[in-house]
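Working notes for the structure below.
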Amino acid sequence: HVQLVESGGGSVQAGGSLRLSCAASGYTYSSYCMGWFRQAPGKEREGVAALNSRDSSPYYADSVKGRFTISRDSAKSTLYLQMNNLKPEDSARYFCAADPLSCPRNRIRSANAFNFWGQGTQVTVS
């Protein structure tokens with residue numbers, strides 16, 4: 001049974017930073033795609049960043065390139081999202097997702113293509 005548990009959200013002022021964590025357990029697949037999504041009220045869930053477990057090659061949405069960094073610590077089975085220079089438009093609930101199908105190289109798959117999800121953590125930028 002795959003479990004993903006996010007943490008690290010909070011309230012910050014514009015220009016500030018937060019680091020989100022996603023602790024994974026119960027994952028038995030040999031490789032996988034892991035990603036961060038966000039959803040603001042009244043909006044669709046959008047992909048922010050993703051990486052493949054095999055080579056940790058990341059892909060970012062244009063809106064966060066140069067500000068967000070996705071990484072993972074395989075020893076801790078934890079995925080991270082370092083968010084710098086936060087903007088009010090980054091305010092949303094952030095979700096961790098995982099799927100055994102490898103990430104594509106040039107885009108983030110849509111949310112409905114990911115099988116496993118965490119409960120999310122709220123990020124508010126004022």
Side-chain angles (χ1 to χ4, degrees):
H1 177 63
V2 177
Q3 282 193 311
L4 303 174
V5 180
E6 302 95 334
S7 61
S11 297
V12 295
Q13 292 188 337
S17 298
L18 284 172
R19 188 176 81 155
L20 306 183
S21 299
C22 172
S25 61
Y27 211 91
T28 59
Y29 299 98
S30 60
S31 64
Y32 44 91
C33 174
M34 293 196 76
W36 287 99
F37 287 75
R38 65 186 181 187
Q39 189 168 20
K43 294 188 177 181
E44 292 188 355
R45 192 169 295 191
E46 63 168 345
V48 173
L51 58 70
N52 277 309
S53 65
R54 286 189 180 274
D55 56 12
S56 295
S57 55
Y59 186 85
Y60 299 96
D62 288 343
S63 57
V64 305
K65 279 181 183 176
R67 300 188 299 121
F68 290 12
T69 302
I70 186 172
S71 63
R72 69 185 187 98
D73 184 332
S74 57
K76 296 181 180 179
S77 299
T78 301
L79 183 74
Y80 301 100
L81 185 68
Q82 177 67 43
M83 306 186 294
N84 298 328
N85 190 20
L86 282 160
K87 304 176 181 180
E89 52 263 42
D90 294 319
S91 296
R93 190 164 187 84
Y94 283 70
F95 298 87
C96 174
D99 192 82
L101 186 63
S102 295
C103 300
R105 294 289 185 182
N106 58 356
R107 60 183 177 87
I108 300 171
R109 290 205 305 273
S110 63
N112 59 15
F114 283 79
N115 276 296
F116 305 109
W117 290 88
Q119 294 301 305
T121 184
Q122 181 67 36
V123 172
T124 303
V125 185
S126 59

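- Taking the side chain as every heavy atom from C-beta outward, V2 and N115 never approach each other to under 4.5 Å.
- In this structure, M83 and V48 have side chains that are not in contact, with every pair of non-hydrogen atoms separated by 4.5 Å or more.
- Atom CZ of F114 sits about 7.5 Å away from atom CD1 of I108, to the nearest 0.5 Å.
- Note: Q13 CD to T124 OG1 = 13.0 Å, rounded to the nearest 0.5 Å.
- A donor-acceptor pair under 3.5 Å is absent between the side-chain atoms of R72 and the main chain of L51, judged by distance alone.
- Residues Q82 and S17 come closest through the heavy atom pair NE2-CB, 4.0 Å.
- Residues R45 and W117 meet the side-chain proximity criterion, which asks for heavy atoms closer than 4.5 Å.
- Here L81 contributes atom CG and R19 contributes atom CZ; the two are 10.5 Å apart, rounded to the nearest 0.5 Å.
- Salt-bridge formation is not detected for the pair K87/D90: no Lys NZ or Arg NE/NH1/NH2 atom is positioned less than 4.0 Å from an Asp or Glu carboxylate oxygen.
- Applying the side-chain hydrogen bond (donor to acceptor under 3.5 Å, both in side chains) rule to S57 yields the partners D55, R105; only residues at least two apart in sequence or on another chain are considered.
- When all heavy atoms of C33 and R109 are compared, the pair lying nearest together is CB-NH2, 4.3 Å.
- In terms of modelled atom types and a separation under 3.5 Å, the side chain of W36 and the main chain of Y80 share a donor-acceptor contact.
- Other residues, nucleotides and ligands contribute only 12 or fewer heavy atoms inside 6.0 Å of the CD atom of E44.
- Proximity of a side-chain donor or acceptor of D99 to a complementary backbone N or O of L101 within less than 3.5 Å is detected.
- Contact detail for L79 and S71: the closest heavy-atom pair is CD1-O, 3.3 Å.
- In K43, the NZ atom is not crowded: 12 or fewer heavy atoms of neighbouring residues, nucleotides or ligands sit closer than 6.0 Å.
- With rounding to the nearest 0.5 Å, the separation of CE in M34 from SG in C22 is 4.5 Å.
- Closest of all the heavy-atom pairs between A14 and P88 is CB-CD, 4.1 Å.
- Side-chain atoms of E6 come within 3.5 Å of backbone atoms of C96 as a donor-acceptor pair (strictly under, hydrogens ignored).
- Across all non-hydrogen atoms, the minimal contact from C103 to A50 is SG-CB, 4.1 Å.
- Listed here is the closest heavy atom pair of L18 and G9: CD1-C, 4.5 Å.
- Under the 6.0 Å cut-off for aromatic ring centres, F116 and Y32 do not qualify, their centroids lying 6.0 Å or more apart.
- When Q122, Q39, R38 are each tested for a side chain to side chain contact (heavy atoms under 4.5 Å, CB included) with Y94, only one passes: R38.
- In the hydrophobic clustering of this structure, F37 does not group with Y60; members are Ile, Leu, Val, Met, Phe, Trp, Tyr whose side-chain heavy atoms approach within less than 4.5 Å, directly or through other members.
- Proximity of a side-chain donor or acceptor of Y27 to a complementary backbone N or O of L4 within less than 3.5 Å is not detected.
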